[in-house]
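Heads up, the thing below is written out as structure tokens.
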Amino acid sequence: MADGLTKSAARNIFYGGSLFFFLLFAALTAHSHWYMVNKSTDKEGLTESVVQGKHIWEKNMCINCHSIMGEGAYFAPELGNVWERYGGHQNPEAARAGLAAWIRAQPLGAQGRRQMPAYDFSDEEMNALIDFLEWTDSIDDQDWPPTPAG
Amino acid sequence: MKYETQKVALPFFMVAMALFALQIVFGLLAAAVYVWPNFMAEAMPFNIMRVSHTNLLIVWLLLGFMGSTYYLMPEEAEREIHSPTIAYIQLAIFAFAGAAALVGYQFGIHEGREFLEQPFWVKVLITISFLMFLFNTSMTLAKGRRTAINMVLMLGLWLAAVFWLFAFYNPSNLAVDKLYWWWVVHLWVEGVWELIMASLLGYLLIKMTGVDREVIEKWLYVIVGLALFSGLLGTGHHYYWIGAPSYWQPIGSIFSTLEVLPFFAMVVFAFTMFWKGSRNHPNKAAMLWALGCPTMAFFGAGVWGFMHTLHWVNYYSHGTQVTAAHGHLAFYGAYVMLLLGIISFAMPQLRRVQPYNQVINMWGFWIMTGAMAFMTFTLTFAGVVQTHLQRVLGMNFMEVQDQLVLFYGMRLGAGIAVAIGACLLLYAFFGPVREQVPAGGTQLTAGPGRA
């Protein structure tokens, strides 16, 4: 440790530097917030139904098995791009029907396969959840993930 | 123990260790599901096991921080705790809130953002309890001696409380939600918790090595400076793929690479003070933890963090078992080992005996630390295979997981070894007192000319 550095100098550098980096970080976060709302996410597409879907996603704590945009539990497939994986970009109706059927088929009860619990969603809830997944897929996220596998 | 009110720490440590034991139980259950997918599938779905595992960790670490603060504050501030009664009440509130959350999870009562799953009213209770704690300890500090140790510690705790408030903000836009979610999660564990960690480590080193406070406190400011200068903008490594602007890719890559520095500095700090020290402290077990903590934190948080933090690497490894490997060793090295070290140091004094059961304690250290390292290696191998199959070759997630069973089996084995080590350690802390000083002991004797 440099002998030239005194304790009070080290303290002042710590407080001053931390404040500087915090303000810079806060400013960049504010810009990122603006960018997300106006540029990278679908502002008009963020409907009541998408919001309800996010609520259903949270209420059932899907995040503690699945991941969404790479964040979550890594125990079950990534769902940030599940809309793409189900062919939603080409055939939205088929993707919607496919996702709903898959969720309704749980639990599969297959031996040696991880089990997803049964969820008793109404048609409206199911649609909202899928709207949320479709909206999430549309976020401009620097082309992540690298493959449709998620 | 110079001050009577330091004993307030004891019930905090007891509750914390009980929750630590439970955390390991839920971890074992979840690890078993990875090996036998139908294990308890009807009784307890995986998401309940995982939320219990992670939340117990967070709650016991916070209780450990509180207990440690109550333990060291009288010595550092040179006065008794402002109000032991407030301490016991806020412990009761915190423990009740944690227990209520845990029981609630088993019945599906929770919110749904990772790590912040506590129901609203539990979050409110946690906030109230934490504010009571901050009031109590700040009042003690305000009337007492100010040192770099207690000032940095209190700054870390206050900032942890401030950033916690973002847990109450849940925007309906998922991208914005994630943006601020990291203001709690990252700014805690890779930001202000490092202030808590460095100051508690500094306290242990002052007590055990006898190195001059001026030297240790100067190091402390340098380390926490490095932590925040790198860690604040280092948050950018979480902003690569969530719809944030692309400038986070260079910013996050550069600053999160620099996040290795404070951890490396802590290793150099601990070992330098150890060798410079002239005091031959009788608590060898606590000294072992105080050296082991920065070492494992450097590997878990530093090296394993750096391994997947560059954006062009993270593009492929993000959200795979590589992340799980890093998460396990980082939390264990930085925060679990730190608190186990503080408890190893404080328990003999809280029980008013000479350092005791040290050999069992050290067995616990080596078994747990070795097993956590092994767990990290198995998950890293799993993650590398997963990254290649899924992210490069594009294989389906479930097919890839079937390829990883061998690693998950070894992870479960490592988890069982962690549990055995933890049992030894809890016995060493709370079991009958038998004075054991390691035979020889010079290998852990501080000071030049003593080794």
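Naming convention: chains lettered A, B, ... in sequence-line order (proteins, then strands); numbering from 1 in each chain.
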Select one option (side chain, backbone, both, neither) describing which atoms of Tyr180(B) are under 4.5 Å from chain A's heavy atoms. side chain

Would you please go through residues 68-86 of chain A and name the residues with a non-hydrogen atom below 4.5 Å from one of chain B, in numerical order? Ile68(A), Met69(A), Gly70(A), Glu71(A), Gly72(A), Ala73(A), Tyr74(A), Phe75(A), Ala76(A), Pro77(A)

Smallest heavy-atom separation, Asp177(B) atom then Glu58(A) atom, equals OD2-OE2, 4.0 Å

Interatomic distance, CZ@Phe14(A) vs CG@Leu226(B), rounded to 0.5 Å, equals 11.0 Å

So which residue, Phe269(B), Trp183(B), Tyr239(B), Trp181(B), ends up with the most heavy-atom pairs under 4.5 Å with chain A? Trp183(B)

Measuring from atom CZ of Phe132(A) to atom OG of Ser172(B), what distance do you get when rounded to the nearest 0.5 angstrom? 10.5 Å

Only pairs of heavy atoms separated by less than 4.5 Å count here; which of Val268(B), Val33(B), Thr54(B), Thr323(B) has the most with chain A? Thr323(B)

Toward chain A, the part of Leu116(B) with a non-hydrogen atom under 4.5 Å: neither

If you tally heavy-atom pairs under 4.5 Å against chain A, which of Val224(B), Val392(B), Asn396(B), Leu220(B) wins? Val224(B)

Any side-chain heavy atom of Thr41(A) sitting closer than 4.5 Å to one from Val176(B)? no

Checking Asn38(B) side chain against Gly112(A) main chain: does a donor-acceptor pair fall under 3.5 Å? yes

Just how far is it from atom SG of Cys65(A) to atom CE of Met49(B), taken to the nearest 0.5 Å? 10.0 Å

For Phe39(B), which atoms come within 4.5 Å of any heavy atom of chain A: side chain, backbone, both, or neither? neither

So Thr235(B) and Thr29(A), side chain to side chain contact (heavy atoms under 4.5 Å, CB included) or not? Walk me through it. CA-CA 10 Å; Thr235(B) 315; Thr29(A) 302; over 6 Å; no

Spacing of Thr136(A) atom OG1 and Ile242(B) atom CD1 [to the nearest 0.5 Å]: 12.5 Å

Specify which of Glu117(B), Met395(B), Lys178(B), His311(B) makes the most heavy-atom pairs with chain A at under 4.5 Å. Lys178(B)

Can you tell me if CD on Glu124(A) sees more than 12 non-hydrogen neighbours from other groups inside 6.0 Å? no

Would you mind checking which part of Phe255(B) comes under 4.5 Å of any heavy atom in chain A, side chain (CB onward), backbone (N, CA, C, O), both or neither? side chain

With only heavy atoms counted, which part of Ser18(A) is less than 4.5 Å from chain B, the side chain, the backbone, both or neither? both

Within residues 46-57 of chain A, which residues come under 4.5 Å of chain B, heavy atom to heavy atom? Leu46(A), Val51(A), Lys54(A)

Trace of the side chain to side chain contact (heavy atoms under 4.5 Å, CB included) decision for Leu232(B) with Leu24(A): CA-CA 9 Å; Leu232(B) 287 167; Leu24(A) 188 55; over 6 Å; no

Could you check which of Gln321(B), Met398(B), His238(B) has the highest count of heavy-atom pairs closer than 4.5 Å to chain A? Met398(B)

Please look at Ile109(B) and chain A and tell me whether the side chain, the backbone, both or neither of the residue comes under 4.5 angstrom of a heavy atom of that chain. neither

Which value, rounded to the nearest 0.5 Å, describes the distance between Glu111(B) atom CD and Met61(A) atom CE? 11.5 Å

Nearest atoms (heavy-atom pairs only) where Thr6(A) meets Lys218(B): C-CD, 3.8 Å

When you compare the side chains of Ser32(A) and Tyr247(B), does any donor N or O come within less than 3.5 Å of an acceptor on the partner? yes

Which one, Lys43(A), His31(A), Lys39(A), leads in non-hydrogen pairs under 4.5 Å with chain B? His31(A)

Chain A contact via Ala41(B) - side chain, backbone, both or neither, heavy atoms under 4.5 Å: side chain

Enumerate by number any residue of residues 114-123 of chain A whose heavy atoms lie under 4.5 Å from heavy atoms of chain B; in the absence of such residues, state 'none'. Arg114(A), Gln115(A), Pro117(A), Tyr119(A)

Turns out that what part of Tyr408(B) lies under 4.5 Å from chain A's heavy atoms comes down to side chain

With under 30° as parallel and over 60° as perpendicular, where do the rings of Phe25(A) and Trp248(B) fit, or are they tilted in between? perpendicular

Report, by ascending residue number, the residues of residues 138-150 of chain A in heavy-atom contact with chain B at a distance under 4.5 Å; give 'none' if the set is empty. Ile139(A), Asp140(A), Asp141(A), Gln142(A), Asp143(A), Trp144(A), Pro145(A), Pro146(A), Thr147(A), Ala149(A), Gly150(A)

Measuring heavy-atom distances to chain A, does Glu42(B) have an atom under 4.5 Å in its side chain, in its backbone, in both, or in neither? neither

Could you tell me which of Pro245(B), Gly394(B), Ser246(B) has the largest number of non-hydrogen atom pairs under 4.5 Å with chain A? Pro245(B)

Rounded to the nearest 0.5 Å, how far does NE2 of His66(A) lie from CZ of Phe397(B)? 9.0 Å

Give the C-alpha distance, both sets of side-chain angles, the deciding distance and a yes or no for side chain to side chain contact (heavy atoms under 4.5 Å, CB included) between Trp135(A) and Asn173(B). CA-CA 10 Å; Trp135(A) 182 86; Asn173(B) 182 319; 3.3 Å; yes

Please flag which part of Thr320(B) lies under 4.5 Å from any non-hydrogen atom of chain A: side chain, backbone, both or neither. backbone

For Tyr15(A), is it the side chain, the backbone, both, or neither that has a heavy atom closer than 4.5 Å to a heavy atom of chain B? side chain

Is it the backbone or the side chain of Gln386(B) that comes under 4.5 Å from a heavy atom of chain A, or both, or neither? neither

